[in-house]
Protein chains: 2
Amino acid sequence: MKPSTSIQDYLKRIYELTENGSPASTNDLARELNIKPASVTGMIQKLASEKPALLEYQKHQGVTLTSAGKKAALEVIRHHRLLETWLVQTLGYSWDEVHEEAERLEHVISEDFERRIAAALGHPLRDPHGELIPTADLKMPLDDSTPLSALRKNQSGKILSIKGADADLLRHLDGLGLTPNTMIEVTDYSPFDHNLSIKVNKKNIVLGLSITSKIFIEES
Amino acid sequence: MKPSTSIQDYLKRIYELTENGSPASTNDLARELNIKPASVTGMIQKLASEKPALLEYQKHQGVTLTSAGKKAALEVIRHHRLLETWLVQTLGYSWDEVHEEAERLEHVISEDFERRIAAALGHPLRDPHGELIPTADLKMPLDDSTPLSALRKNQSGKILSIKGADADLLRHLDGLGLTPNTMIEVTDYSPFDHNLSIKVNKKNIVLGLSITSKIFIEES
DNA sequence: TATAAAATTTAGTCTTGCCTAAATTATTTT
DNA sequence: AAAATAATTTAGGCAAGACTAAATTTTATA
């Protein structure tokens, strides 16, 4: 049986919160899901004790996904990212408008629908935010991107994604032309403060480590 | 507040069942919704007694929509029919594959999404089945179609829709090339048995009243 | 290391929306 | 018009998934 919309949301968030290797805490999950911690405890206890368990849980120790749970999560994430890509490409949504729409659609599209948009888009590797799209067989592709902070003078590449930036920073970066798919070139590197001088759209700007570590690049 | 998915389904079905002017019965609604009659009674009692009532109901007398209820129903129907049109045109669904998908999507798309696909499709008047699409201001357009059974020798037109046919008949008609958008021409009329001879795709076929009354035409 | 603070869990409740079984009301049949 | 049948409603229940308040456990602080 396909998990309910609620459960799909739990799995998706748990996947994200456990990408760093450590289990997800009740509180963090509650915050991500906009749900009270007590409700989260109830749900994960139920999920952990089902026939083929989707997650593993020990009191006060947080929760991790089983491989079945991971698959179910990747299915939802694949739907989400394909939908975002598709909404942007076929309906002219901008990259910051699509999230909410995809958040609702991801739970109701059929596998057939998923196949159709994947094919129509040419089986894309990343969504408009630069996030990797899980493959059709539900594996997360390896991330071959490099943080901008790792580049040095004369290296260049294409921006793939920006991670861990809040809305404010995102707007700021957007203003500088630093969005996914933009080409950049490092013109100078200051070993002292780790500032990078880069050229974007013919303009030169200098960025500090707090920013360059959040921008991910495909080297060229 | 936007009605829940369940309530949207109730409203949609009630709209359809009351198009003939008479109220919808508990039993008919239950059948359409694949729900037990007792459950229907419960739900319509609740809906009839809410702040701005979406429907009117008297025990044992069936149910009708208020104008607010009608609007909400038309909103869902508009979503459904726009979605079907759009899935067929942009993702290569065939007209008989889209229903289920639209049935789920109709409840979760935003007004923005609705506007975008309506615009992308050029604000179509009918869906792939030939059904009229409610307008953006939630009115059902007048139906200017004529049953094929009303045509006589030398009249011609385009098939708009086929109504009240079961899957079997639909397949049969499909085999004869009788699908929405096909041009037809009446070559003869038999007043005795009401049979019509018509030309479709260069071929001549004869149809009885039981069929011609289900095919709707735009005269030309 | 005792205590305060934070995180988590338990217990009990609520709403939505469905179900079954039994009771009631309408409609047909005879 | 009474009896049989069909439709509808009432009553009581259940599962999902959320909430609050209170209890407990863990972690951090003094």
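Source: prediction; values computed, not measured. Below, chains carry the letters A, B, ... as their sequence lines are ordered, and counting in each starts from 1. Only heavy atoms go into these numbers, but all of them, side chains included; no hydrogens, no water, no symmetry mates.
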Spacing between B:Leu47 atom CG and C:dC18 atom P, to the nearest angstrom:
10 Å

Between C:dT16 (C1') and B:Glu50 (CD): distance, integer Å
11 Å

Among A:Glu114, A:Glu106, A:Lys12, side chain to side chain donor-acceptor pair (under 3.5 Å) partner for A:His79:
A:Glu114

Taking atom P of D:dT20 as reference, at what distance in whole Å does atom CD1 of A:Ile35 sit?
12 Å

Just compare D:dG17, C:dA11, D:dT8 and give me whichever is closest to any side-chain atom of B:Ser25.
D:dT8

Answer with base, sugar-phosphate or nothing: what part of the nucleic acid does A:Ser6 contact at a heavy-atom distance below 4.0 Å?
sugar-phosphate

Can you find a side-chain donor-acceptor pair between B:His107 and B:Asp9 that sits under 3.5 Å?
yes

I need the CD-C1' distance between A:Gln61 and C:dA7, as an integer number of Å.
12 Å

Can we call the ring centroids of A:His99 and A:His129 under 6.0 Å apart?
no

Give the rounded distance in Å between these two atoms: CG of B:Leu29 and P of D:dT9.
11 Å

D:dA6 phosphate, OP1 or OP2: any side-chain N/O from B:Asn27 under 4.0 angstrom?
no

Would you indicate, yes or no, if C:dT8 has its OP1 or OP2 atom less than 4.0 angstrom from a side-chain nitrogen or oxygen of A:Lys36?
no

Both A:Thr5 and A:Lys59 contact DNA chain D. Which one's nearest nucleotide lies toward the 5' end?
A:Thr5

Once you round it to whole Å, what is the distance between P of C:dT8 and NE2 of A:His60?
9 Å

Cationic N near anionic O, under 4.0 Å, A:Arg13 to A:Glu16
yes

Quick one: is C:dA7 close enough that its OP1 or OP2 comes under 4.0 Å of any side-chain N or O from A:Thr26?
no

Would you call B:Glu84-B:Arg81 a salt bridge at under 4.0 Å N-O?
no

Please report, rounded to the nearest Å, how far the P atom of D:dA7 is from the CD1 atom of B:Ile44.
15 Å

May I ask you to say what A:Thr41 touches in the nucleic acid, namely base, sugar-phosphate or nothing, with a heavy-atom cut-off under 4.0 Å?
base

Pick the nucleotide of DNA chain D nearest each of B:Ala24 and A:Ser4; which residue has the one closer to the 5' end?
B:Ala24

Taking only the side-chain nitrogens and oxygens of B:Gln45, find out if one of them lies under 4.0 Å from OP1 or OP2 of D:dT10.
yes

Do any side-chain nitrogens or oxygens of B:Tyr57 fall under 4.0 Å of OP1 or OP2 in D:dT9?
yes

Looking at C:dG17, I'd like to know if its phosphate oxygens (OP1 or OP2) sit under 4.0 Å from a side-chain N or O belonging to B:Lys46.
yes

Taking 4.0 Å as the cut-off, does a side-chain nitrogen or oxygen of A:Tyr10 come that near to OP1 or OP2 on D:dA16?
no

In this structure, how many angstroms lie between the P atom of D:dT9 and the CD atom of B:Gln58, rounded?
11 Å

